[in-house]
Asks: 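Please see the structure below; I have some questions.
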Amino acid sequence: MMVDEWDETDSTAASGAAAERAAAGKAAEKAAISDTAANANAANADQANGDATNANAANANAANADVVASASDLTKIYGDAKDHDSQVVALDHVNVDFLRGQMTAIMGPSGSGKSTLMHCMAGLDRPTSGTVVVEGLEVSAMNQRQLTKLRREQIGFIFQSFNLVPTLSAEENILLPLQIAKRPIDRDWFDKVVEVTGLRSRLGHRPSQLSGGQQQRVACARAIMARPSVIFADEPTGNLDSHSSREVLGFLKDSVRDYGQTIVMVTHDPRAASYADRVLVLADGRITRDLRNPSYDEILAVFADEGEEDAESEERAA
């Protein structure tokens, strides 16, 4: 089991002034009057431009304030740097923002780069180039100690294999990250999380005494208990039956709606992705689709279209 699963990311203004040389007589007076009017107009224009610039900057800052995590020109290449033929480009100059209080699903075929993107965003893997920022902190430039602190304080994880400690009860598993970080336990928040996950009657049970769905709900409760800025979920329903999957996805959706939690979820399942506010589709290390509030049928249609495009490409190549 990974220890790191509980371990620890900018208005311009310009102004100018002009002065005309004074001359004698009425002509000079008229020129001075004209210049004064022109300067007043210029000053008014400068002020208007400055106000517009400031307004744009404020809007940009407001937008940035909603970005929890972002990737800029992110590239990840596996293999020998000296042997280009053996290299695999997992991420190819990816740019993406993840907004606060949204659930984003990342989809794509095997090898598309979706898991690599999540791992780089969470500080579990280091990109070859580009930057990753979480809550204003540049993750891609951090050392191991800084990454550990980040993962303890800002990031939560939900894994396909649950990753629960088998000798601990459900309650102990939920509280373990806080205890490791030596953070106080908010019992009121704990009670809310337990209520939402429906685990009250199972808190004293060990993982082996819980169903798969119950174990994953414990893992979800553990992730949200620390109130992280963002939760990264890697195939959270991959090992669950349809009923348990709906329970877990419903909880994740509710945590976004009711508590403003930010979730980034990697999944192969269109049904799971349909719970998300946004769906990103990756292929060959690039984002090919960015869907907002898509339905299950819309997600299926995207992959049907991409399958047809792949078939046509293969026919042309042959």
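For the single chain, residues carry numbers from 1 onward in sequence order.
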Asks: In Å, rounded to the nearest 0.5 Å, how long is the span from CG of Leu240 to NE2 of His243?
Replies: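 The CG atom of Leu240 sits 11.0 Å away from the NE2 atom of His243.
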
Asks: Minimum heavy-atom separation for Asp92 and Asp284, please, with both atom names.
Replies: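 In this case the closest contact between Asp92 and Asp284 is CB-O, 4.2 Å.
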
Asks: How far apart are the C-alpha atoms of Phe98 and Asp66, what are their side-chain angles, what is the distance that settles it, and do they pass the side chain to side chain contact (heavy atoms under 4.5 Å, CB included) test?
Replies: CA-CA 8 Å; Phe98 296 102; Asp66 289 330; over 6 Å; no

Asks: Between Arg217 and Glu247, is there a side-chain N and carboxylate O pair less than 4.0 Å apart?
Replies: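 Looking at Glu247 together with Arg217, the answer is yes, because their closest N to O distance falls below 4.0 Å.
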
Asks: For residues Val264 and Ile231, determine if any side-chain heavy atom of one lies less than 4.5 Å from a side-chain heavy atom of the other.
Replies: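 Answer no - side chains too far apart.
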
Asks: Kindly state each residue pair satisfying salt bridge (Lys or Arg N to Asp or Glu O under 4.0 Å) with at least one member in residues 228-239, sequence neighbours excluded.
Replies: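 Qualifying pairs: none.
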
Asks: Would the distance check show the side chain of Thr262 and the main-chain N or O of Gly101 forming a donor-acceptor pair, the cut-off being under 3.5 Å?
Replies: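 Yes; at least one donor-acceptor contact below 3.5 Å.
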
Asks: Report yes or no: does Lys76 contribute a side-chain atom to a donor-acceptor pair with the main-chain N or O of Arg126 at less than 3.5 Å?
Replies: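 Flag set: sc Lys76 to bb Arg126 pair under 3.5 Å.
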
Asks: Working to the nearest 0.5 angstrom, can you tell me the gap between Thr197 OG1 and Ile224 CD1?
Replies: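 These two atoms lie 9.5 Å from each other.
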
Asks: Contact between Leu203 and Val194 at the side-chain level, heavy atoms closer than 4.5 Å - yes or no?
Replies: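 Leu203 vs Val194: side chains touch.
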
Asks: Please find the pair of heavy atoms, one from Tyr275 and one from Gly250, that lie closest to each other, and give the distance.
Replies: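 Minimum heavy-atom contact is CE2-N, 4.1 Å.
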
Asks: Let me confirm one number: the CG-CG distance from Asp73 to Leu91, rounded to the nearest 0.5 Å.
Replies: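 Answer rounded to 0.5 Å: 11.0 Å.
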
Asks: Would you sort out whether Leu117 and Met121 count as a side chain to side chain contact (heavy atoms under 4.5 Å, CB included), showing the intermediate values?
Replies: CA-CA 6 Å; Leu117 175 58; Met121 295 299 305; 4.0 Å; yes

Asks: Would you mind telling me which of Glu153, Gln261, Arg100, Gln154 makes a side-chain hydrogen bond (donor to acceptor under 3.5 Å, both in side chains) with Ser229?
Replies: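 Answer to the side-chain hydrogen bond (donor to acceptor under 3.5 Å, both in side chains) test with Ser229 among Glu153, Gln261, Arg100, Gln154: Gln154.
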
Asks: Could you tell me which non-hydrogen atom of Pro127 sits nearest to which non-hydrogen atom of Gly130, and how far apart they are?
Replies: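 In this case the closest contact between Pro127 and Gly130 is CG-O, 4.3 Å.
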
Asks: Would you please test Cys220 and Leu252 for side chain to side chain contact (heavy atoms under 4.5 Å, CB included) and show each step?
Replies: CA-CA 8 Å; Cys220 291; Leu252 295 178; 4.0 Å; yes

Asks: Who pairs with Met225 by side-chain contact (heavy atoms from CB on, under 4.5 Å), at least two apart in sequence or on another chain?
Replies: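 Partners of Met225 by the side-chain contact (heavy atoms from CB on, under 4.5 Å) criterion, ordered by chain and then number, come out as Ile174, Leu175, Leu178, Ile185, Trp189, Phe190, Val193.
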
Asks: So, does Asn173 use its side chain to make a donor-acceptor pair with the main chain of Ser169 at under 3.5 Å?
Replies: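 Confirmed, Asn173 side chain pairs with Ser169 backbone.
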
Asks: Does the side chain of Asp269 come under 3.5 Å of the side chain of Thr267 through a donor N or O and an acceptor N or O?
Replies: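 There is no such pair between these side chains.
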
Asks: Do you know the tightest heavy-atom contact between Leu74 and Ala71?
Replies: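 Closest approach of Leu74 to Ala71, heavy atoms only: CD2-CB, 3.8 Å.
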
Asks: For the pair Thr288 (side chain) and Val281 (backbone), establish whether a donor and an acceptor sit closer than 3.5 Å, ignoring hydrogens and angles.
Replies: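 Answer holds: yes.
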
Asks: Look up atom OG in Ser274 and atom CD1 in Ile299, then write down how far apart they are to the nearest 0.5 Å.
Replies: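 These two atoms lie 5.5 Å from each other.
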
Asks: Would you mind reporting whether Leu124 and Phe157 have side-chain heavy atoms less than 4.5 Å apart?
Replies: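 Touching, per the 4.5 Å side-chain cut-off.
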
Asks: Would a distance-only check, ignoring hydrogens and angles, find a side-chain to backbone donor-acceptor pair under 3.5 Å from Asn239 to Gln160?
Replies: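 At least one qualifying donor-acceptor pair exists.
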
Asks: Check whether any side-chain heavy atom of Phe232 lies under 4.5 Å from a side-chain heavy atom of Ile155, and answer yes or no.
Replies: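 Contact flag for Phe232/Ile155 side chains = yes.
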
Asks: If I compare all heavy atoms of Arg278 with all of Asp97, which pair ends up nearest, and what's the gap?
Replies: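 What the structure gives for the nearest pair is NH1-O, 2.6 Å.
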
Asks: Would you find more than 12 non-hydrogen atoms of other residues, nucleotides or ligands less than 6.0 Å from Arg286 atom CZ?
Replies: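 For Arg286, atom CZ is not crowded (no more than 12 foreign heavy atoms under 6.0 Å).
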
Asks: Would you mind telling me which of Arg222, Arg187, Arg206 makes a salt bridge (charged side-chain N to carboxylate O under 4.0 Å, His left out) with Glu171?
Replies: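 When salt bridge (charged side-chain N to carboxylate O under 4.0 Å, His left out) is applied between Glu171 and each of Arg222, Arg187, Arg206, only Arg187 qualifies.
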
Asks: Would you check if Ile263 and Val230 make a side-chain contact, meaning some heavy-atom pair closer than 4.5 Å?
Replies: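 No - every pair of side-chain heavy atoms lies 4.5 Å or more apart.
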
Asks: Check the hydrophobic clustering (I, L, V, M, F, W, Y; side-chain heavy atoms under 4.5 Å; chains of links allowed) and say if Val96 and Ile106 are grouped together.
Replies: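 Cluster IDs for Val96 and Ile106 match.
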
Asks: Report yes if some heavy atom in the side chain of Arg271 is under 4.5 Å from a heavy atom in the side chain of Ser242; otherwise report no.
Replies: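 Side chain of Arg271 against side chain of Ser242, heavy atoms only: no contact under 4.5 Å found.
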
Asks: Which heavy atom of Ile158 sits nearest to which heavy atom of Pro236, and what is that distance?
Replies: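 Looking at all heavy atoms of both residues, the closest pair is CG2-CB, 4.0 Å.
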
Asks: Using side-chain heavy atoms (C-beta onward) and a distance below 4.5 Å, is Ser244 in contact with Thr237?
Replies: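 Not in contact.
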
Asks: Using modelled atom types only, decide if a donor and an acceptor are shared between the side chain of Gln102 and the backbone of Leu99 within a distance under 3.5 Å.
Replies: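 No: the side chain of Gln102 does not pair with the backbone of Leu99.
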
Asks: Short question: side chain of Lys114, backbone of Gly108 - any donor-acceptor pair under 3.5 Å?
Replies: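 At least one qualifying donor-acceptor pair exists.
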
Asks: May I ask you to decide if Glu298's main-chain N or O and Ser295's side chain share a donor-acceptor pair within less than 3.5 Å?
Replies: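 Yes, Ser295 side chain to Glu298 backbone: donor-acceptor pair under 3.5 Å.
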
Asks: Tell me which one of Val266, Leu282, Asp125 satisfies side chain to side chain contact (heavy atoms under 4.5 Å, CB included) with Ser115.
Replies: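 Testing Ser115 for a side chain to side chain contact (heavy atoms under 4.5 Å, CB included) against Val266, Leu282, Asp125 leaves exactly one candidate, Val266.
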
Asks: Return the CG to CD distance between Leu164 and Glu172, rounded to the nearest 0.5 Å.
Replies: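 One finds 12.0 Å between CG of Leu164 and CD of Glu172.
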
Asks: What side-chain hydrogen bond (donor to acceptor under 3.5 Å, both in side chains) pairs are there with at least one residue in residues 249-258, not counting sequence neighbours?
Replies: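 The answer is Lys253-Asp277, Asp254-Arg257.
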
Asks: In the structure I gave you, are the side-chain heavy atoms of Ser245 and Gln216 within less than 4.5 Å of one another anywhere?
Replies: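 Contact flag for Ser245/Gln216 side chains = no.
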
Asks: Please test Thr104 against Met265 for side chain to side chain contact (heavy atoms under 4.5 Å, CB included), starting from the C-alpha separation and ending with a verdict.
Replies: CA-CA 6 Å; Thr104 302; Met265 173 181 67; over 6 Å; no

